[in-house]
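What follows is one structure encoded as structure tokens, with my remarks underneath.
Every heavy atom of this structure was used, including side-chain atoms; hydrogens, water molecules and symmetry mates were not.
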Amino acid sequence: MINMNLKKLRERKKYTQEEVAYRIGVSRQAVAKWEKGKTVPDINNCLALAELYEVALDDLVKDLDEKRGMSLHPKGKHLFGLVKVGERGQIVIPKKAREIFAICPGDSLLVVGDEAQGIALIQYDKFKHFIEAVLQAEEQTEE
């Protein structure tokens with residue numbers, strides 16, 4: 001489980017076992033044993049590996065089944081799945097996304113787009129606070 005994740009993450013980052021060992025302060029043999037499943041890293045090494053690979057500690061140690069669409073992803077980055085646009089342009093935001101970003105019925109979302117990069121949804125309240133902070137900072141620099 002963890003051994004396969006460690007190998008997959010190392011290969012994804014294009015690191016050698018030596019590079020991983022150097023970066024977290026262990027021997028190459030220790031990394032090789034972890035990847036072969038002969039031993040497991042202690043909690044401090046798990047934390048260092050999660051930071052090195054930019055994943056959550058949970059994702060480092062979980063048994064992830066790629067056949068079910070689950071895979072290791074960078075910490076704080078999410079893939080919520082596919083949604084279909086209805087006849088009138090409506091979409092349903094997946095439940096996990098609504099939970100993580102605290103999106104509730106009645107909330108306002110700002111839809112922005114860039115023809116080269118795509119569409120993004122921004123919570124209006126957070127965007128409004130950001131703009132207000134920018135305007136205040138601009139006023140202070142003018143004084």
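- Contact annotation: the side chain of Val26 never approaches that of Pro41 to less than 4.5 Å [non-hydrogen atoms, C-beta and beyond].
- The existence of a salt bridge linking Lys13 and Glu54 is confirmed by a sub-4.0 Å separation between a basic side-chain nitrogen and an acidic carboxylate oxygen.
- The line from CD of Glu51 to CG of Leu47 is 8.5 Å long, rounded to the nearest 0.5 Å.
- Between the NE2 atom in His129 and the CD1 atom in Ile131 there is a gap of 12.0 Å [rounded to 0.5 Å].
- Phe80 is linked by a ring-ring contact (aromatic ring centres under 6.0 Å, His included) to His78, counting only residues two or more places apart in sequence or in another chain.
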From CA spacing to verdict: side-chain contact (heavy atoms from CB on, under 4.5 Å), Arg23, Tyr15: CA-CA 10 Å; Arg23 289 172 184 258; Tyr15 292 151; 3.6 Å; yes

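- With contacts defined as side-chain heavy-atom distances shorter than 4.5 Å, the pair Asn5/Val61 does not qualify.
- With rounding to the nearest 0.5 angstrom, the OH atom of Tyr53 is 7.5 Å from the CD1 atom of Ile24.
- A 6.0 Å sphere centred on CD1 of Ile119 holds no more than 12 heavy atoms belonging to other residues, nucleotides or ligands.
- Residues Leu60 and Ile43 fall within the same hydrophobic cluster, defined by Ile, Leu, Val, Met, Phe, Trp and Tyr side chains chained together at heavy-atom separations under 4.5 Å.
- Contact of the Glu132 side chain with the Lys128 side chain is registered, since non-hydrogen atoms from C-beta on lie closer than 4.5 Å.
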Return a table of donor-acceptor pairs under 3.5 angstrom between the side chains of residues 92-115 and protein atoms on other chains or two or more places apart.
unit_1, atom_1, unit_2, atom_2, d
Arg98, NH1, Ile93, O, 2.3
Asp107, OD2, Cys104, N, 2.7
Asp114, OD1, Ala116, N, 2.7
Asp114, OD1, Gln117, N, 3.2

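- Leu52 and Leu57 fall within the same hydrophobic cluster, where Ile, Leu, Val, Met, Phe, Trp and Tyr residues are linked whenever their side-chain heavy atoms come under 4.5 Å apart, directly or through other members.
- Around CD of Glu11, the count of heavy atoms belonging to other residues, nucleotides or ligands within 6.0 Å exceeds 12.
- Leu121 is not connected to Phe127 by any chain of hydrophobic side-chain contacts under 4.5 Å among Ile, Leu, Val, Met, Phe, Trp and Tyr, and they are in different clusters.
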Please tabulate, one pair per line, all N/O donor-acceptor pairs under 3.5 Å involving side-chain atoms of residues 29-38, not counting sequence neighbours.
unit_1, atom_1, unit_2, atom_2, d
Glu35, OE1, Arg10, NE, 3.3
Glu35, OE1, Arg10, NH2, 2.9
Glu35, OE1, Gln17, NE2, 3.0
Glu35, OE2, Arg10, NE, 2.5

Working note: Cys46 + Ile2, criterion side-chain contact (heavy atoms from CB on, under 4.5 Å); need CA distance, chi angles, decisive distance, verdict. CA-CA 10 Å; Cys46 283; Ile2 188 172; 4.1 Å; yes

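- Contact of the Leu49 side chain with the Val20 side chain is registered, since non-hydrogen atoms from C-beta on lie closer than 4.5 Å.
- Hydrophobic clustering of Ile, Leu, Val, Met, Phe, Trp and Tyr side chains at less than 4.5 Å, counting indirect connections, unites Phe130 with Ile122.
- Pairing each heavy atom of Gln123 with each of Lys126, the nearest pair is OE1-NZ, 3.0 Å.
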